[in-house]
Amino acid sequence: MFNSLTGVITEKSAQKLCLDTHGIEWEIFSPDTSIQALPPVGEVGRVYTWMQHSDALMCLYGFSSASERILFLDLLKVDGIGPKAALKIMGAVSSSQLVKILDDGNLDALQKVPGVGKKTAAKMLLQLKGKLTLSEDGGGGSRSPQGAKSPYADVVGALANMGYDRRAAEQMVASLAQQMEGDAAFASMGQSQKEDALFRKALVEMAQ
């Protein structure tokens, strides 16, 4: 599955943009915050993608950053929140505001977010409170304890998408990366090879 698309932005509207990649124009559903963050119509932009595919439906969703996509996927884990509802939530409140509301357990503030009712708000608190962090770019995702953007954020995201607690995954990946960087064989690997080796090691450790 493709990770992102890069092309000329041909259209922007509410929760939707179009992207031309060498003669193929993609219709991409996106939160308004991501649409605003992307370059204007006529310029080249990179969109991080996720595809919803079923027998009756195929939709492409896009985000201005990988961390925004992680936040979107985290919202989908909540019972009752589908892709369109997740876009509405992300377009109505910034990632940092959403994380703060959840960490504070502020049910009243959460219920005021468009697309979130009382029952959904309660489910969001149960599922996501204390499990979302922010990356340096301000989107949902992972960051190191020092606040610098981790070079292994994708490893943390993959573990979180498998159901592991995000903060526990961050700590495990950071610890293992520190240990493995001292190994000459690991240090000589390319980034993708390092991520693969680190993911395999973290998966073993977290499964114990």
Side-chain angles (χ1 to χ4, degrees), residues 1 15 29-34 37 48-54 57 59 61-147 149-150 152-176 199 202-208:
M1 181 57 64
Q15 295 188 358
F29 297 98
S30 179
D32 292 334
T33 46
S34 282
Y48 292 83
T49 57
W50 178 79
M51 179 174 284
Q52 180 186 27
H53 189 193
S54 66
L57 180 69
C59 290
Y61 295 84
F63 310 88
S64 60
S65 67
S67 55
E68 285 286 324
R69 179 175 58 189
I70 291 173
L71 176 59
F72 172 81
L73 294 174
D74 282 335
L75 288 173
L76 294 187
K77 296 175 184 177
V78 179
D79 184 33
I81 296 182
K84 294 296 177 68
L87 292 188
K88 190 173 183 179
I89 293 169
M90 292 177 65
V93 61
S94 70
S95 301
S96 58
Q97 288 175 317
L98 182 58
V99 171
K100 187 177 188 307
I101 289 172
L102 288 167
D103 284 350
D104 290 346
N106 194 336
L107 186 62
D108 290 337
L110 197 55
Q111 290 177 176
K112 294 178 182 178
V113 177
V116 179
K118 186 175 182 179
K119 290 183 178 180
T120 301
K123 291 177 182 178
M124 288 177 69
L125 285 178
L126 181 64
Q127 182 74 33
L128 302 176
K129 181 180 179 181
K131 297 181 180 179
L132 296 179
T133 56
L134 297 178
S135 66
E136 194 175 51
D137 63 10
S142 61
R143 64 178 177 185
S144 68
Q146 293 78 21
K149 188 174 182 180
S150 169
Y152 303 114
D154 288 344
V155 177
V156 174
L159 291 167
N161 289 336
M162 292 180 67
Y164 291 105
D165 179 81
R166 184 175 299 281
R167 291 184 179 178
E170 284 180 340
Q171 294 171 0
M172 176 62 71
V173 169
S175 175
L176 290 175
F199 173 75
L203 196 59
V204 172
E205 294 293 328
M206 296 193 74
Q208 293 179 359

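The analysis underlying the following values was restricted to heavy atoms, covering all of them including side chains, and did not include hydrogens, waters or symmetry mates. Please read these numbers as outputs of a predicted model, since none were measured by experiment. In this chain, residues are counted from 1 in sequence order.
Atom CG of D32 and atom NZ of K88 lie 11.0 Å apart (nearest 0.5 Å). Atom CG of residue L126 and atom NZ of residue K123 lie 10.0 Å apart, to the nearest 0.5 angstrom. Rounded to the nearest 0.5 angstrom, K118 NZ and D108 CG are separated by 9.5 Å. One distance of note links CG of L125 with CG of D103; it measures 10.0 Å at 0.5 Å rounding. From I70, atom CD1 reaches atom CG of L75 across 12.5 Å, with rounding to the nearest 0.5 Å. Between the CE atom of M90 and the OG atom of S30 there is a distance of 8.0 Å, given to the nearest 0.5 Å.
Looking at L128 and L98, their side chains never come closer than 4.5 Å, going by heavy atoms from C-beta outward. Contact annotation: the side chain of Q52 approaches that of Y61 to within less than 4.5 Å [non-hydrogen atoms, C-beta and beyond]. For the pair L159/M172, no side-chain contact is recorded, criterion being any heavy-atom separation below 4.5 Å from C-beta on. The closest side-chain heavy-atom distance from F63 to T33 is not below 4.5 Å. Side chains of F199 and V173 form no contact here, defined as non-hydrogen atoms less than 4.5 Å apart.
Checked against salt bridge (charged side-chain N to carboxylate O under 4.0 Å, His left out), K84 has no partners two or more places apart in sequence or in another chain. For the side-chain hydrogen bond (donor to acceptor under 3.5 Å, both in side chains) test, no residue two or more places apart in sequence or in another chain qualifies with Q127.
Between A122 and L107, the shortest heavy-atom contact is N-CD1, 3.9 Å. When all heavy atoms are compared, the tightest approach of L102 to K129 is O-CG, 3.1 Å. Closest heavy-atom contact between V113 and A92: CG1-CB, 4.3 Å. L87 approaches P31 most closely through the heavy-atom pair CD2-CD, 3.3 Å.
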I would like to know whether V116 and Q111 meet side-chain contact (heavy atoms from CB on, under 4.5 Å); could you show each step before the answer?
CA-CA 5 Å; V116 179; Q111 290 177 176; 5.5 Å; no
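Tested against F72 for a ring pair (Phe, Tyr, Trp, His ring centres under 6.0 Å), the candidates W50, F29, Y48 yield a single pass: W50.
Side-chain atoms of R69 come within 3.5 Å of backbone atoms of T49 as a donor-acceptor pair (strictly under, hydrogens ignored).
At most 12 heavy atoms of other shown residues, nucleotides or ligands fall within 6.0 angstrom of atom NZ in K100.
In this model, a donor atom of one side chain and an acceptor atom of the other lie less than 3.5 Å apart for Q97 and S94.
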